[in-house]
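Read the structure below first, then the notes.
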Amino acid sequence: MSSSDVSAEKRISGTSERREQIIQRLRQQGSVQVNDLSAAFGVSTVTIRNDLAFLEKQGIAVRAYGGALICDGNAPEPSVEDKSALNTGVKRSIAQAAVALIKSGHRIILDSGTTTYEIARLLRQHSDVIVMTNGMNVANALLEADGVELLMTGGHLRRQSQSFYGDQAEQSLQNYHFDMLFLGVDAIDLDRGVSTHNEDEARLNRKMCEVAERIVVVTDSSKFNHSSLHKIIDTQRIDMIIVDEAIPQDSLEGLRKAGVDVILVKH
C-alpha cells in the first residue's frame, strides 16, 4: 500500500470516528454546536458542518443555525396542541403554586407556553395585576380576567408555538420593569442551562429576564437533563423553579446548591 493510500485510509478512519463521537454527543445532549465541536476535535468549522450535513442525510440529525439537533423527541418541535396533551395534571399543579406567588399590585411576564397558559387560567380571580405576554394562547386565557391589565409584546407570530417574537416584541419590553417572569422551557440542564428550540424565542426570553426582578421557571420534570439548541440563560440565573416531585435527585440537589429556590408539587 502506498503512502497516499495509507493517508487516505487514516482520514476516512478519523472522519468515521469523529462522526461516531458527534452522534454520541447528540444522544447525550440532544443538540451540538459547531464551534464547540470544532474546538473539541481540533478541526475546522467547515469540516464539522460537513459532518453534520452527512448526519442529516443519514436521518440522524437536523441542522439548525450554529449546530444541529438529534432526530428524536427533540426534533421537530412539537406543536402547542401536542404539548398541551402532555402532563396536564402536573402543569395545573405547577400553575397553582405559581399563582400563589402573585399578589395584588404585581407586574408580571407570562412567557408563551402550555404551563404559563394554565397560570393565566387561574388569574381570572385576581385583581390589580398587570400581565405582559408574548403568547397568543396566554392572552386568550386572560380575556375574561377583568382584574388583569393585559399587555401584548406584538411582533411576528410563530404559529407552531402560538408566540410572538422579533424586534418589535423585544423593544416592547425595554421601557418596563416587572416583578416576576414566569418562564416556560423546552429543556433544562444544570451545566448547559435553560434552552429552547427556537433562536428568536431564546433572544426574546433573554430580554424578558433582563427586565424582571425575579426569574421563576415553571416546568415539569421531563424537561430535565435535556438541552435544546438555543440557550436562554445559565441555571444560576434562576431565582426560583416550580417543578414536580419526579425531578431527578441530582438535579434537585444541584439547583439547591446553586442557590435556586425549589418548590415541589405532587406528580
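Numbering starts at 1 and runs along the sequence shown. These numbers come from the heavy atoms of this one structure, side chains and all, not from hydrogens, waters or symmetry mates.
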Shared hydrophobic cluster for Leu110 and Ile215 (ILVMFWY, side-chain gaps under 4.5 Å) = no
Kindly indicate, with the supporting measurements, whether the criterion side-chain contact (heavy atoms from CB on, under 4.5 Å) is fulfilled by Phe41 and Thr47.
-> CA-CA 10 Å; Phe41 295 114; Thr47 297; over 6 Å; no
For Asp51, which residues count as a salt bridge (Lys or Arg N to Asp or Glu O under 4.0 Å) partner, sequence neighbours excluded?
-> Arg18, Arg19
Looking at Ala97 and Ile263, what are the two nearest heavy atoms and their distance?
-> CB-CG2, 4.3 Å
Which atom pair, heavy atoms only, marks the closest approach of Met132 to Ser172?
-> CE-O, 4.0 Å
Connected via hydrophobic side-chain network under 4.5 Å: Val99 and Val90 = yes
Return the set of residues passing side chain to side chain donor-acceptor pair (under 3.5 Å) with Gln168 (not counting sequence neighbours), or none when no residue passes.
-> none
With distance as the sole test, does Thr116 use its side chain to make a donor-acceptor pair with the main-chain N or O of Asp111 at under 3.5 Å?
-> yes
Using side chain to side chain donor-acceptor pair (under 3.5 Å) as the criterion, list what pairs up with Ser38, not counting sequence neighbours.
-> none
For the atom pair CD1 (Ile232) and CD1 (Ile238), what is the distance rounded to the nearest 0.5 Å?
-> 9.5 Å
Under 3.5 Å donor-acceptor pairs involving side-chain atoms of residues 138-156, not counting sequence neighbours:
from, atom 1, to, atom 2, distance (Å)
Asn140, ND2, Met136, O, 3.3

Is the backbone N or O of Asp189 less than 3.5 Å from a side-chain atom of Thr235, with the two atoms forming a donor-acceptor pair by type?
-> yes
Within a strict 4.5 Å, meaning less than it, do heavy atoms of the Phe182 and Ile102 side chains meet?
-> yes
Atom of Leu26, atom of Ala61 and distance for their closest heavy-atom approach | CD1-CB, 3.9 Å
Given side chains that start at C-beta, do those of Lys257 and Leu190 come closer than 4.5 Å, heavy atoms only?
-> no
For Ile108, does its backbone N or O pair with a side-chain atom of Asp179 as donor and acceptor, under 3.5 Å?
-> no
Please step through side-chain contact (heavy atoms from CB on, under 4.5 Å) for the pair Val260 and Val217, ending with a clear verdict.
-> CA-CA 10 Å; Val260 178; Val217 168; over 6 Å; no
d(Asp36 CG, Gln29 CD) to nearest 0.5 Å is 8.0 Å
CZ on Arg92 to CZ on Arg121, rounded to 0.5 Å | 5.0 Å
Please answer: with hydrophobic residues joined when any side-chain heavy atoms are less than 4.5 Å apart, are Val265 and Ile247 in the same cluster?
-> no
Answer yes or no: is there a donor N or O on one side and an acceptor on the other, between the side chain of Asp220 and the main chain of Ser222, under 3.5 Å?
-> yes
Pairwise distance CD1(Ile22) to CG(Leu37) - rounded to 0.5 angstrom | 5.0 Å
Would you indicate whether the side-chain heavy atoms of Thr45 and Asn35 approach each other to under 4.5 Å?
-> yes
Closest non-hydrogen atom pair between Gly113 and Asn137, with its separation = O-ND2, 3.3 Å
Exercise: identify the closest heavy-atom pair between Arg158 and Asn198 = NE-ND2, 3.3 Å
Are Tyr176 and Val211 side-chain neighbours, meaning at least one heavy-atom pair lies under 4.5 Å?
-> no
Please round to the nearest 0.5 Å and tell me the distance separating atom CZ of Phe224 and atom CG of Leu255.
-> 5.0 Å
Can you name the residues that form a side chain to side chain donor-acceptor pair (under 3.5 Å) with Arg206, not counting sequence neighbours?
-> none
Of all heavy-atom pairs linking Thr196 and Glu201, the shortest is OG1-OE1, 4.1 Å
For Ser112, does its backbone N or O pair with a side-chain atom of Asn134 as donor and acceptor, under 3.5 Å?
-> yes
Is there side-chain contact between Arg192 and Lys231, with heavy atoms separated by less than 4.5 Å?
-> no
Using side chain to side chain donor-acceptor pair (under 3.5 Å) as the criterion, point out the one residue from Thr115, Thr114, Thr219, Asp244 that pairs with Lys91.
-> Thr114
Would you give the length of the straight line joining atom CD1 of Ile242 to atom CD1 of Ile119, rounded to the nearest 0.5 angstrom?
-> 6.5 Å
For Glu210, side chain to side chain donor-acceptor pair (under 3.5 Å) partners two or more places apart | Lys207
Test side chain to side chain donor-acceptor pair (under 3.5 Å) applied to Glu253 and Gln249, step by step = CA-CA 6 Å; Glu253 293 173 358; Gln249 187 62 31; 3.2 Å; yes
Within one Ile-Leu-Val-Met-Phe-Trp-Tyr cluster: Leu122 and Leu183, side-chain cutoff 4.5 Å | no
Between Gln24 and Glu20, a side-chain donor and acceptor under 3.5 Å | no
Under 4.5 Å between side-chain heavy atoms, hopping through other hydrophobics if needed: is there a path connecting Val194 to Leu173?
-> yes
